[in-house]
Amino acid sequence: MLSLYSSLSFCLVALNSVTAQYVPNSQALTIKEIEHYYLDAATHSFFSAITPCTNYQDPTAAAPNNGLGMQTAAEWIRTAFHDFVTGSIYTGLGGLDASIGFETTRAENVGPAFNDALLFFSFFYNAQVSMSDLIALGVVTAVANCGGPKIPMKVGRVDATAAGPSGVPEPETDIQTTLNEFSTAGFNDGDTIGLTACGHTMGGVHRNSFPQVVPASAIGPNNADGRVPFDETVAVFDVATVNDYVHSTGDKGGPLVTTTNKTVQSDLRLYLSDNNQTITELSQSSAYFQGQCQGLFQRMIETVPSNVFLSAPVDPTTTTNLKPAAIYLNIDWKGNMALSGFMRYIQVAGAAAPPGTLKIILIGRNGKTTTTSATGTMSAADTGTGIWGPTRSYPFTLPFPATTGLSGISVSGQTFTFQDSMFVVPGMSNFSPTPPTFSTTSSLNTVSTYTVNTTVAYLTTAPPTSLTATFNIPVPQTGTVSPRIDTSQTATLKKIGTVGPFVIYSAISSHSLSAKQAYGTSMDVAAPGQAAGVLFFKPFNPAA
């Protein structure tokens with residue numbers, strides 16, 4: 001696919017006064033971001049940390065460290081489990097809300113998994129994608145990428161701003177307390193057994209975190225953290241650990257079953273709590289196990305505070321496997337406009353092979369199809385292999401006069417709606433200096449003073465004196481490695497001229513940011529007294 005931040009960024013704004021966009025609201029923008037996290041295949045994409053599934057990605061290091069016996073995919077699942085399980089269906093509080101970031105010093109949250117996961121996710125955090133949505137996405141991608149089912153992924157989670165209640169079961173926790181804690185989160189006894197078995201199909205227990213479970217002899221070459229795996233297929237989401245337990249083969253269910261310290265045989269106590277009925281049912285077939293895990297994990301990541309409302313499931317192929325992406329709109333001082341970006345084709349199971357070219361036809365501002373068109377040719381270099389199937393892209397640039405304008409495009413008999421009421425003009429905007437190349441490591445922590453020149457075209461017959469740009473900047477929070485969004489920095493855009501029916505506004509602003517913050521920064525632009533006309537434009541990614 002395209003480089004990470006050209007494929008993840010959008011020149012998109014709200015539908016009530018838009019630019020090049022075909023998404024109607026903030027939640028839809030979040031869905032578009034999540035789709036790209038699913039589909040991107042760049043070196044430092046979301047999937048890079050869990051490819052291959054044996055990988056351990058220390059987010060402070062330049063390369064994976066696979067000599068520790070640690071595993072990022074398992075860490076992501078564990079992070080969601082510890083975040084969600086302290087939620088309460090009785091109070092409507094807690095659940096998957098990223099409060100885990102404030103809770104990592106508790107004994108029940110021992111080990112580096114949580115800060116590892118949150119620090120990696122923080123590179124993808126922005127004003128449209130919450131940390132709790134990223135935790136959920138971590139589960140979905142880890143499971144599907146490692147041989148498990150596609151878990152439906154909804155968005156709209158809201159991050160906690162402080163620690164929540166304690167109550168994560170530990171290896172020493174007695175069986176009734178464990179079942180009660182899960183029950184409070186909405187999971188009955190059978191659900192609890194199933195969720196635990198599903199969560200323990202990858203990864204293992206580590207000596208450095210749980211010396212009461214794992215003997216010192218576990219530490220050795222390429223296993224410096226002393227991991228004892230749950231089963232022999234540590235990097236595959238499969239039924240092996242369940243079969244091992246039921247049939248007393250292989251690793252027999254893992255160290256929380258087989259440890260000689262009976263006090264910490266938590267999985268054994270759990271499985272025996274219903275006389276092995278649930279765990280035996282899970283072993284009946286791989287398909288049954290995967291189906292049960294899909295449903296249980298979906299419920300886990302959808303356990304959210306009662307005042308949080310999630311979207312429909314994100315599926316890049318729900319309505320069509322052909323969609324525009326990374327779209328932006330330009331205009332010059334002569335009144336020439338151009339819509340640029342690419343069409344993305346996902347070759348889902350049963351779909352036709354991708355065509356060599358696509359014809360993109362302009363629909364003018366008046367809603368009528370024009371004779372203006374451009375050809376998108378499939379890019380040999382820009383390919384992806386995400387969980388939805390192989391993806392191909394078709395870069396294009398569609399020029400047209402400002403008098404004709406834009407309300408959409410027609411591609412392969414499908415119509416995609418856009419507007420040109422207000423948009424940031426990448427060709428008239430710029431920033432300096434250039435941030436370092438994106439990488440999910442501490443190399444982006446250097447702070448620089450960035451100068452941003454923001455130029456906006458506004459289609460109006462009653463131009464206001466100025467527009468206001470609000471910068472949404474990820475900033476650190478005390479007590480957690482998860483950032484929050486700060487909106488205190490603004491810029492006032494003044495009129496600098498007109499082009500055809502558009503009034504042009506511009507401002508220069510200065511921002512002291514780390515490169516990591518720069519990549520996560522977006523801006524909204526609004527006229528006085530109006531909702532944002534430009535929503536979620538990334539100033540440090542003007543061509544995306």
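If you're wondering where the values come from, they're calculated on a predicted model, not measured in any experiment. Atom set for the values below is all heavy atoms of this structure, side chains included, hydrogens, waters and symmetry mates excluded. We're numbering straight along the sequence, starting at 1.
- Side chain to side chain, Ser132 and Asp159 meet the donor-acceptor criterion of an N or O pair below 3.5 Å.
- For the pair Pro169/Val85, a side-chain contact is recorded, criterion being any heavy-atom separation below 4.5 Å from C-beta on.
- Taking the six-membered ring where the residue is Trp, Phe124 and Tyr37 present perpendicular rings, their angle passing 60° and hence far from 30°.
- For Lys516 and Phe123, the positive end sits near the middle of the six-membered ring, less than 6.0 Å away and at most 45° from its axis.
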Could you list the donor-acceptor pairs under 3.5 angstrom formed between side-chain atoms of residues 98-106 and any protein atom two or more places apart in sequence or on another chain?
residue: Ser99; atom: OG; partner: Asp83; partner atom: OD1; Å: 3.4
residue: Ser99; atom: OG; partner: Asp97; partner atom: OD1; Å: 2.9
residue: Ser99; atom: OG; partner: Glu103; partner atom: OE2; Å: 2.9
residue: Glu103; atom: OE2; partner: Gly164; partner atom: N; Å: 2.7
residue: Arg106; atom: NH1; partner: Gly164; partner atom: O; Å: 3.3
residue: Arg106; atom: NH1; partner: Pro165; partner atom: O; Å: 3.1
residue: Arg106; atom: NH2; partner: Gly164; partner atom: O; Å: 2.5

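- With sequence neighbours excluded, no residue satisfies ring pair (Phe, Tyr, Trp, His ring centres under 6.0 Å) with His206.
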Leu493 and Val456: side chain to side chain contact (heavy atoms under 4.5 Å, CB included), yes or no, with the steps? CA-CA 8 Å; Leu493 285 71; Val456 170; 3.5 Å; yes
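- In this structure, a donor-acceptor pair under 3.5 Å is present between the side chains of Asp225 and Asn208.
- Within the structure, ring pair (Phe, Tyr, Trp, His ring centres under 6.0 Å) contacts touching residues 51-76 (residues at least two apart or in different chains) are Phe46-Trp76, Trp76-Phe120, Trp76-Phe121.
- Heavy-atom minimum distance, Thr455 versus Ser429: N-OG, 2.9 Å.
- The salt bridge (charged side-chain N to carboxylate O under 4.0 Å, His left out) analysis of residues 435-454, with sequence neighbours excluded, yields no pairs.
- A donor-acceptor pair is defined here as one N or O able to donate and one able to accept, closer than 3.5 Å; such a pair exists between the side chain of Arg227 and the backbone of Gly69.
- With hydrogens and angles disregarded, a donor-acceptor distance shorter than 3.5 Å links the side chain of Thr72 to the backbone of Gln57.
- Of all heavy-atom pairs between Phe431 and Pro435, the closest is CE1-CD, 3.5 Å.
- Judged by distance alone, with hydrogens and angles left aside, the side-chain atoms of Asn261 form a donor-acceptor pair with the main-chain N or O of Gln212 at under 3.5 Å.
- Expressed to the nearest 0.5 Å, how far CG of Leu134 lies from CD of Glu33 amounts to 10.0 Å.
- For Phe210, the ring pair (Phe, Tyr, Trp, His ring centres under 6.0 Å) test picks out no residue, with sequence neighbours left out.
- Checked by atom type, the side-chain pair Ser522/Asn472 shows a donor-acceptor distance below 3.5 Å.
- Sequence neighbours left out, not one pair with a member in residues 162-178 passes salt bridge (charged side-chain N to carboxylate O under 4.0 Å, His left out).
- Within the structure, salt bridge (charged side-chain N to carboxylate O under 4.0 Å, His left out) pairs that include any residue of residues 121-144 comprise Asp133-Arg157 (at least two apart or interchain).
- What you find for Thr79 and Ala117 is that their closest heavy atoms are OG1-CB, 3.5 Å.
- Screening residues 49-138 for disulfide bond (SG atoms under 2.5 Å apart) gives Cys53-Cys146 as the qualifying pairs, with residues at least two apart or on separate chains.
- What you find for Gly111 and Ser209 is that their closest heavy atoms are CA-OG, 3.5 Å.
- Applying ring-ring contact (aromatic ring centres under 6.0 Å, His included) to Tyr519 and the options Phe540, Tyr125, Phe438, Tyr450 leaves one that passes, Phe438.
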For this session: Under the side chain to side chain donor-acceptor pair (under 3.5 Å) rule, what do Ser506 and Asn453 come out as? Steps first, then yes or no, please.
Result: CA-CA 7 Å; Ser506 189; Asn453 181 348; 3.1 Å; yes
Exercise. Applying side chain to side chain contact (heavy atoms under 4.5 Å, CB included), run through Ile50 and Thr141 and close with a yes or a no.
Key: CA-CA 8 Å; Ile50 55 172; Thr141 54; 3.9 Å; yes
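- At a threshold of 4.5 Å between non-hydrogen side-chain atoms, the residues Pro539 and Thr521 count as touching.
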I'd like a table of donor-acceptor pairs (distance under 3.5 Å, sequence neighbours excluded) in which one partner is a side-chain atom from residues 300-309, with atom names and distances.
residue: Glu302; atom: OE2; partner: Gln298; partner atom: NE2; Å: 2.9
residue: Thr303; atom: OG1; partner: Arg299; partner atom: O; Å: 2.7
residue: Ser306; atom: OG; partner: Gly92; partner atom: O; Å: 3.4

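- Qualifying side-chain contact (heavy atoms from CB on, under 4.5 Å) partners for Thr451, counting only residues two or more places apart in sequence or in other chains: Ser432, Ile508.
- Nearest approach of Ser510 to Gln489, heavy atoms of both residues: O-OE1, 4.2 Å.
- A donor-acceptor pair is defined here as one N or O able to donate and one able to accept, closer than 3.5 Å; such a pair exists between the side chain of Gln517 and the backbone of Pro474.
- The two residues Ala113 and Arg78 come nearest to each other via the heavy atoms CB-NH1, 3.8 Å.
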Go through the steps for Tyr505 and Thr454 under the test side chain to side chain contact (heavy atoms under 4.5 Å, CB included), then give the verdict.
-> CA-CA 8 Å; Tyr505 294 79; Thr454 305; over 6 Å; no
| message | Go through it in stages, so that I can follow the logic: the residues are Leu467 and Met422, the test is side chain to side chain contact (heavy atoms under 4.5 Å, CB included), and I'd like the CA-CA distance, side-chain angles, deciding distance and then a yes or no. | response | CA-CA 11 Å; Leu467 305 176; Met422 184 189 290; 4.2 Å; yes
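- Every residue two or more places apart in sequence or in another chain that forms a side-chain contact (heavy atoms from CB on, under 4.5 Å) with Gln265 is listed here: Thr259, Lys262, Leu268, Arg269.
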Intermediate values then yes/no, side chain to side chain donor-acceptor pair (under 3.5 Å), Asn222 and Asn66
CA-CA 7 Å; Asn222 298 317; Asn66 292 325; over 6 Å; no
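- Among residue pairs with one or both ends in residues 143-200, those qualifying as ring pair (Phe, Tyr, Trp, His ring centres under 6.0 Å) are Phe81-Phe182, Phe84-Phe187, His200-Phe230; sequence neighbours excluded.
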